[in-house]
Number of protein chains: 2
Amino acid sequence: MSPAAAEPAEGSLLLDDQLCFALYAASRAVTARYRPLLDELGLTYPQYLVMLVLWEQDSISVRELGAALQLESSTLSPLLKRLEANGLLRRERRLDDERSVAIRLTDTGARMRERAASVPVSIGDAMGLTPDQDALAKQLLRLITANVAAG
Amino acid sequence: MSPAAAEPAEGSLLLDDQLCFALYAASRAVTARYRPLLDELGLTYPQYLVMLVLWEQDSISVRELGAALQLESSTLSPLLKRLEANGLLRRERRLDDERSVAIRLTDTGARMRERAASVPVSIGDAMGLTPDQDALAKQLLRLITANVAAG
DNA sequence: CGCGATTAAGTCGTGCACAACTAAAGCGTG
DNA sequence: CACGCTTTAGTTGTGCACGACTTAATCGCG
């Protein structure tokens, strides 16, 4: 991994010079790799991310979920309805603030956690990075996300 | 950037431990950053990627475009129709192989290249990576993409 | 208390992204 | 030449993703 083998001038319009395309392609490739694993759970990738948050902290509002995943309510509301229809969670208005909706796992949703435990392992194997590369990639991606969100 | 500050056990189900989520979030954040710039050109982000390919090599088949962008014809066909409707390209059956459709830029499409030249610069600035970080990120993302596509 | 501003969730419309499938063209081997 | 296989685009259906908007509840300030 020697950097800057033949990096061209900044502002190139060549597709393969663009970090943004590498990012876009990698994200879709990883999601595609998840698909067969998540199919067995009956989840899509964004639904899986929602479940990850709920396994971490149950009874959370749509707003908090959106903050964790950086998604709008207009994306989450229909997604949560589908998860509810599939019996994985319930949505109930908060009594103390009826604008807010609490998302709670059902027993089925909570139990899915065990079946999902092997998923990150499989994906980690498939990505095939060393622990250092994995940590470095995460750091760079978070740096990009933070910088791009800031300006 | 010291790696492995407090990396947990492999196979964690914590959202913030997952490289896949960092990838997904970064990709959406970068696309969001493109949006106002591309709005001025009347393009979406995937449409912009198609234009990048065409500025590089005009008169290309849908299949070749799909190979370059790793997208299915079921994604590209409607997208190309919209670009055609907007006057940026034309689609014509190849005479020597009528299964194939050649995508050619119109003058309007070709001329957009100059207006687009500033876009990668703006995005590069917004990402705020050093040249070494940029090159390293690209390498890691390509490694992930290749590994994940392989297995 | 009253009322304008804010906040939370949701709806609607557009455009990807992909699986499954279709239609049509070209190819290859007996 | 014939017929089955492959290749190329395109269609259809589902599910994100997001901007613009709506509705309802809450807040805050006079």
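Each chain gets a letter, A, B and so on, in the order the sequences are listed, and its residues count up from 1.
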Inset, instruction - Determine the contact category for B/L79: base if any of its heavy atoms lies under 4.0 Å from a base atom, sugar-phosphate if only primed atoms, P, OP1 or OP2 are that close, otherwise nothing. - result: sugar-phosphate
Inset, instruction - Would you mind classifying the nucleic acid contact of B/S73 as base, sugar-phosphate or nothing, using non-hydrogen atoms under 4.0 angstrom? - result: base
Legend entry - Within-4.5 Å side-chain heavy-atom neighbours: B/E64 and B/I103: no
Legend entry - B/L19 side chain near A/L141 side chain, heavy-atom distance below 4.5 Å: yes
Look at the side chain of [X] and the backbone N and O of [Y], then say whether any donor-acceptor pair between them is shorter than 3.5 Å.
X	Y	value
B/S27	B/L23	no
B/E84	B/R91	yes
A/T108	A/L88	no
A/R104	A/S59	no

Within this structure, what is the [atom1]-to-[atom2] distance between [X] and [N], rounded to whole angstrom?
X	N	atom1	atom2	result
B/L69	C/dC18	CG	P	11 Å
B/L80	C/dG15	CG	P	14 Å
B/R63	C/dA24	CZ	C1'	18 Å
A/D97	C/dA9	CG	P	8 Å
A/I103	C/dA9	CD1	P	8 Å
A/R93	C/dA8	CZ	C1'	8 Å
B/K81	C/dG15	NZ	P	13 Å

Inset, instruction - Go through C/dC18, C/dG26, C/dT6 for me and flag the one nearest to the B/E98 side chain. - result: C/dG26
Inset, instruction - State whether A/D39 and A/R35 are salt-bridged, where the test is any N-O pair (Lys NZ or Arg NE/NH1/NH2 against Asp/Glu carboxylate O) under 4.0 Å. - result: no
Legend entry - Interface with DNA chain C, restricted to residues 82-91 of chain B and to heavy atoms under 4.0 Å: B/R82
Inset, instruction - Kindly state which residues belonging to residues 19-56 of chain A come within less than 4.0 angstrom of DNA chain C, counting heavy atoms of the residue only, listed by number. - result: A/Y24, A/R28, A/R35
Legend entry - Residue list, side chain to side chain contact (heavy atoms under 4.5 Å, CB included) with A/A25, at least two apart or on another chain: A/F21
Legend entry - Counterpart residues, side chain to side chain contact (heavy atoms under 4.5 Å, CB included), relative to B/E98 (two or more places apart): none
Inset, instruction - Look at the rings of B/Y45 and B/Y34 and say which category their plane angle falls in: under 30° parallel, 30 to 60° tilted, over 60° perpendicular. - result: tilted
Inset, instruction - By nearest nucleotide on DNA chain C, pick out whichever of A/V101 and B/D96 is the more 5' one. - result: A/V101
Legend entry - Upstream residue (5' side of DNA chain C) when B/P78 and A/S100 are each assigned their closest nucleotide: A/S100
Inset, instruction - Drop me the distance from A/L15's CG to B/Y48's OH, to the nearest 0.5 angstrom. - result: 9.0 Å
Inset, instruction - Shoot me the first and last contacting nucleotide of DNA chain D against chain B, ordered 5' to 3', at under 4.0 angstrom to non-hydrogen atoms. - result: D/dT7 to D/dG19
Legend entry - ring pair (Phe, Tyr, Trp, His ring centres under 6.0 Å) contacts in which one or both residues fall within residues 63-109 of chain A, not counting sequence neighbours: none
